[in-house]
Amino acid sequence: MASHTPSQRYLSTRGGSYDFSFEDVVLKGLAADGGLFIPEEIPALPQGWQTEWANLSFEELAVNIFSLYISPSEIPPADLKELVRKSYATFRDPSVTPTVTLDPTRNVHLLELFHGPTFAFKDVALQFLGNLFEYFLVRRNADKSAADREHLVVIGATSGDTGSAAIYGLRGKKDLSVFIMHPKGKISPVQEAQMTTVLDANVHNLAVEGTFDDCQDFVKALFADTEFNKTHRLAAVNSINWARILAQITYYFASYFALRRANPSQQSIRFVVPTGNFGDILAGYFAKRMGLPITQLVIATNENDILHRFWRSGRYEKHEVRGPAAAGGLPQDGVKAHEAGVKETLSPAMDILVSSNFERLLWFLAHDVLGSGDEASRRKTAGEAVNGWLQALKTEGGFAVPEEVLAKARQNFATERVSDAQTLATITGAYKWAKGYVLDPHSAIGIAAAERVVQQGAEGDVVALATAHPAKFSGAVELALAQEKAFDFKAHVQPKEFAGLEDLPRRVTTVRREDGLEGVRKVVLEEVAAEGAA
Ligand SMILES: *Cc1c(COP(=O)(O)O)cnc(C)c1O
């Protein structure tokens, strides 16, 4: 294999910063100009990868892929290997992310991403991110006295999946505390139990009296609070952290090789991805740009369909503009159209108004299509375009891209929008045609979109990504399968790990509505201090 030892650096999508190391990018999360970090160059696959990687394990693939994005001077190969080993040792399936064939006649497959500790795909990234944080901190603290040690405070808000995956990724890690806020009483009982029964001293659950948006506002306020930041080094684990995208590239390769081993003559492969913040599918785009022969990436959305609307119209708008408003008239009820909220659906992990990682794709589209001249001027053009679009999103609730940018986006991606009714019908349908396979509502959106893609005449393999285990979303699953006499949720769906979970001791601090941000700040300060004293 051609040896490739890149010195990989990172830049911001808004053009304000260049030449960051991987470590900086992971610890910062967001760039100072408000942009997201992307690699200055997407590495090409080494010569012979198709044969030399064909029989590698998930862990070996991960090491090979990560080495193309992380300079060996930053993380020596032996350390990287150990980080990867540790991150995926917590998975229950030996192949980590197995690809199962759901319908051999139509070549419909499911890439199961839910075999990690919290039974959702976010574990693939957060197990690795947790180990990375610890690795960097321990190294920075190697020669420091106890008083000088850098301590990282990770703060996040969750409506379910992210919070539990973050907690399981960060529990027990050295020099790091994690605070996860959830809206009290508003997340599923399984998710609440998953999070609050983790009793490690560095894990802190805050049940906030309010909504998920209130929790997010508190996170933003703490990050913006200069006093607070003077004494505490804050970090985020939300889906914009570059390490999360990187970690997710591996399973596209793993699935590709699994299918090729099963059927070497099959040429075409499409991935259908249940999409919210665009992190999961963006990893597929990186895989494709690196050289993995993916025929198409299909974005499957629920009724929060900003991406679906973008691919139809070239307009990225928080709110669909209809009727009089579209013609320039006043939107109803004096509410600015773009201030309307998120729709609650049966697939809550995809309930978003805007997709934060979409900004990264926009940068590449602008770079390829609008840019000209040398690489430096292409980057400049891309940064300026992205900056302008994102400002318009903030001030006007949306923006439109030039025709050729949209055309470029359509070269790689297609989109499908799936309603709640179709989600339920797909769970019911798959249970019948896939011999009792039980889909969770997010994975069902992927399968519903995959079925449409097949119907439209797509040839070759169609792989839908299964992003959560059905036991996490019992409400929708039981609703869809209520008529199936032989179906028994506890017997057929519930994993043994969930039995008795609800009865375990819990640790959670309630933040009362009247205490608001001050209440949150006080809890964080007190609990970090108490941890240090322990
Ligand atoms: C987070 C999540 C998604 C959406 O993934 P993005 O990377 O945000 O697009 C889909 N399904 C489940 C179960 C999730 O937890």
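One-based numbering along the sequence shown. Just so you know, these numbers use all the heavy atoms, side chains as well, and skip hydrogens, waters and symmetry mates. Numbering of ligands and ligand atoms starts at 1, following listing order.
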Colleague: Would you check if Trp433 and Glu451 make a side-chain contact, meaning some heavy-atom pair closer than 4.5 Å?
Modeller: yes
Colleague: List every atom of ligand 1 that sits less than 4.0 Å from any heavy atom of Gly276, numbering the atoms from 1 in the order shown and giving each element.
Modeller: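 Contacts of ligand 1 toward Gly276, numbered from 1: 4 (C), 6 (P), 8 (O), 9 (O).
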Colleague: With respect to Phe278, determine whether any N or O atom, backbone or side chain, lies less than 3.5 Å from an N or O atom of ligand 1.
Modeller: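 So ligand 1 has an N or O lying under 3.5 Å from an N or O of Phe278.
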Colleague: Test your reading of the structure: does Thr467 have an N or O sitting under 3.5 Å from an N or O of ligand 1?
Modeller: yes
Colleague: Can you check whether Trp311 and Phe358 have ring centres sitting under 6.0 Å from each other?
Modeller: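 Aromatic pair counts; centres sit under 6.0 Å.
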Colleague: Whether the side chain of Asp214 engages the backbone of Val208 through a donor-acceptor N/O pair (distance < 3.5 Å, no angle test) should be reported.
Modeller: no
Colleague: What is the closest protein heavy atom to atom 13 (C) of ligand 1, and at what distance does it sit?
Modeller: Asp161 OD2, 3.2 Å
Colleague: Short N/O distance, under 3.5 Å, between Met350 and ligand 1?
Modeller: no
Colleague: Parallel, tilted or perpendicular: which describes the rings of Phe498 and Phe119, with under 30° parallel and over 60° perpendicular?
Modeller: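 Answer is perpendicular, since the angle exceeds 60°.
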Colleague: Quick check: Phe91 with His115 (ring centres under 6.0 Å apart)?
Modeller: no
Colleague: Under a 4.5 Å cut-off applied to non-hydrogen side-chain atoms, are Phe257 and Leu61 in contact?
Modeller: yes
Colleague: Against heavy atoms of Lys122, which atoms of ligand 1 measure under 4.0 Å?
Modeller: 1 (C), 2 (C), 3 (C), 14 (C), 15 (O)
Colleague: Is the ring centre of Phe286 less than 6.0 Å from the ring centre of Phe364?
Modeller: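 Here the rings of Phe364 and Phe286 have centres that are less than 6.0 Å from each other.
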Colleague: Using distance alone, determine whether Asn277 and ligand 1 share an N or O pair under 3.5 Å.
Modeller: yes
Colleague: Please identify which atoms of ligand 1 are closer than 4.0 Å to at least one heavy atom of Pro274.
Modeller: 4 (C), 10 (C)
Colleague: Which ligand 1 atoms are under 4.0 Å away from a heavy-atom of Thr275?
Modeller: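 Those of ligand 1 that fall under 4.0 Å from Thr275 are 9 (O).
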Colleague: We want to know whether Arg360 and Asn357 form a side-chain donor-acceptor pair, criterion being a heavy-atom distance below 3.5 angstrom.
Modeller: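 Looking only at side-chain atoms, Asn357 and Arg360 do form a donor-acceptor pair, the distance falling under 3.5 Å.
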Colleague: N/O to N/O below 3.5 Å, does that happen between His442 and ligand 1?
Modeller: no
Colleague: Closer than 4.0 Å to some heavy atom of Gly279 - which atoms of ligand 1 meet that?
Modeller: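 Per the distance check, 6 (P), 7 (O), 9 (O).
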Colleague: For atom 7 (O) of ligand 1, which protein heavy atom lies nearest, and how many Å away is it?
Modeller: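 Ranking protein heavy atoms by distance from atom 7 (O) of ligand 1, first comes Asp280 N, 2.9 Å.
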Colleague: Check if Ala120 has a non-hydrogen atom at a distance under 4.0 Å from any atom of ligand 1.
Modeller: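 No, Ala120 has no heavy atom closer than 4.0 Å to ligand 1.
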Colleague: Give the numbers and elements of all ligand 1 atoms closer than 4.0 Å to a heavy atom of Ala468.
Modeller: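 Answer, ordered by atom number: 13 (C).
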Colleague: Report yes or no: do Trp389 and Tyr316 form a side-chain donor-acceptor pair below 3.5 Å?
Modeller: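 No.
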